[in-house]
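Fair warning: this is a prediction, and the values are worked out from it, not measured in the lab.
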Amino acid sequence: MAKAKRQRKKKPKENKTRTVHANIHYDNAKGEENPNRHYANNKIKTTKYTVLSFLPKNLFEQFHRFANVYFVFIALLNFVPVVNAFQPELALAPVVFILSVTAIKDLWEDYRRHRSDKEINHMDCLVYSREDKRYVEKYWKEVHVGDFVRLRCNEILPADVLLLSSSDPDRLCHIETATLDGETNLKQRQVVRSFFELVRLKHMFFLFFFFFA
């Protein structure tokens, strides 16, 4: 058995790396022209129901509770003349009332989530536009993978971002993650070293070319 296990080929490790292209080259690209089309958008949706799915989905969830199934079964027995103890309508009324109150509560909570999602999705951030050659204001839900986002002091991050530049002399920035993990202490992040070295080399090449031109 030990030899058989050793002889088994090891499964190749999945390649978890992914390539992200800058969207400034694909502002007007549609469909397969945009290499970032496979990535999800930045729109937040935490609601459980839609207009069509609310009633069947909510009843399905409520009947997963054994107590609801039990009381509905007892109420339905009253429709059988041999075993009925109360009028069928009176036996069914409390169950319908409980199911209705629970459904209204779930609907209200889902509506509050919808309002919260809408408020977050319509927050503003600065995204670079190649056509305008400047940073323009866009909603959070309009941010896509590959966009260049400009963050200001004490501003909430609209998505997971990679720090490419900073106004700090040491190329640092400090972020707070209290909404994610509850920690209020500031965490330090630094500009990606390889990107900074690439920019520095470009500047050195430009100065070299300018000097000898």
Side-chain angles (χ1 to χ4, degrees), residues 12-30 33-49 108-211:
K13 294 183 179 180
E14 295 181 359
N15 188 10
K16 295 183 179 181
T17 60
R18 60 177 182 173
T19 304
V20 176
H21 300 264
N23 277 340
I24 57 175
H25 300 293
Y26 307 99
D27 281 346
N28 299 320
K30 296 181 180 179
E33 297 177 1
N34 191 339
N36 297 326
R37 65 186 181 278
H38 301 295
Y39 299 121
N41 56 31
N42 201 44
K43 187 177 180 180
I44 294 176
K45 183 181 179 183
T46 60
T47 54
K48 296 171 59 178
Y49 310 108
W108 172 248
E109 291 178 353
D110 206 58
Y111 175 68
R112 290 179 61 186
R113 285 192 291 266
H114 171 72
R115 287 197 307 177
S116 177
D117 292 346
K118 187 176 181 180
E119 182 180 350
I120 294 173
N121 287 328
H122 285 80
M123 293 180 71
D124 294 328
C125 64
L126 294 175
V127 179
Y128 187 79
S129 173
R130 189 180 184 183
E131 293 180 352
D132 300 329
K133 295 182 179 180
R134 62 184 179 90
Y135 285 92
V136 297
E137 286 192 352
K138 286 187 177 182
Y139 293 136
W140 280 17
K141 66 178 183 179
E142 297 174 342
V143 176
H144 298 283
V145 175
D147 283 343
F148 288 91
V149 181
R150 184 177 183 179
L151 299 174
R152 293 158 288 194
C153 184
N154 297 325
E155 189 175 21
I156 304 175
L157 274 70
D160 293 336
V161 296
L162 186 67
L163 185 61
L164 300 178
S165 178
S166 174
S167 59
D168 186 83
D170 297 325
R171 310 185 304 279
L172 299 174
C173 76
H174 297 84
I175 60 173
E176 181 184 291
T177 58
T179 55
L180 296 177
D181 51 23
E183 295 185 8
T184 56
N185 58 313
L186 297 178
K187 294 179 175 62
Q188 184 175 285
R189 294 293 182 269
Q190 190 173 21
V191 175
V192 180
R193 184 176 181 84
S194 57
F195 182 81
F196 174 75
E197 291 176 352
L198 178 63
V199 173
R200 186 173 61 179
L201 286 173
K202 285 187 176 180
H203 280 289
M204 290 176 63
F205 176 78
F206 175 76
L207 291 174
F208 179 80
F209 177 79
F210 179 76
F211 181 76

Does some side-chain heavy atom of Y139 sit less than 4.5 Å from a side-chain heavy atom of N121?
no

Determine whether V127 and E137 make a side-chain contact, defined as any pair of heavy atoms from C-beta on separated by less than 4.5 Å.
no

For the pair V143 and K141, evaluate side chain to side chain contact (heavy atoms under 4.5 Å, CB included) and give the outcome as yes or no after the intermediate values.
CA-CA 6 Å; V143 176; K141 66 178 183 179; over 6 Å; no

Taking atom OH of Y128 as the centre, report whether more than 12 heavy atoms of other residues, nucleotides or ligands fall under 6.0 Å from it.
yes

Below 4.5 Å, heavy atoms only, C-beta onward: do T177 and K187 meet side chain to side chain?
yes

Do the non-hydrogen side-chain atoms of R189 and I175 ever get within less than 4.5 Å of each other?
yes

Any side-chain donor paired with an acceptor under 3.5 Å for D110 and T47?
no

Within the structure provided, determine whether K43 and E142 are in side-chain contact (heavy-atom separation under 4.5 Å).
no

Is it true that atom OH of Y39 has more than 12 heavy atoms of other residues, nucleotides or ligands lying nearer than 6.0 Å?
yes

What distance do S129 atom OG and K138 atom NZ have between them, rounded to the nearest 0.5 Å?
6.0 Å

Basic-acidic side-chain contact under 4.0 Å: E109, R112:
no

To check you understand the geometry: which heavy-atom pair defines the closest contact between E155 and R150, and what is its length?
OE1-O, 3.9 Å

How about CG on D160, more than 12 heavy atoms from neighbouring residues, nucleotides or ligands closer than 6.0 Å, or not?
no

Over 12 non-hydrogen atoms of neighbours within 6.0 angstrom of NZ in K45
no

Please round to the nearest 0.5 Å and tell me the distance separating atom CG of N185 and atom NE2 of H174.
11.0 Å

Between Q190 and L163, what is the shortest heavy-atom contact and its length?
C-CD2, 3.6 Å

Considering all heavy atoms, the nearest V145-A40 contact
CG2-O, 4.1 Å

Is there a side chain to side chain contact (heavy atoms under 4.5 Å, CB included) between T46 and S116 once you walk through the steps?
CA-CA 9 Å; T46 60; S116 177; over 6 Å; no

By side-chain contact (heavy atoms from CB on, under 4.5 Å), K118 pairs with (sequence neighbours left out) H122

Under 6.0 Å from the CD1 atom of I156, do we count more than 12 heavy atoms belonging to anything else shown?
no

Answer yes or no: is there a side-chain heavy-atom contact under 4.5 Å between L151 and V149?
yes

Within the side chain of N42, is there an N or O that forms a donor-acceptor pair under 3.5 Å with the backbone of H144?
no

Measure the CD1-CG distance between I44 and D117 for me, rounded to the nearest 0.5 Å.
6.5 Å

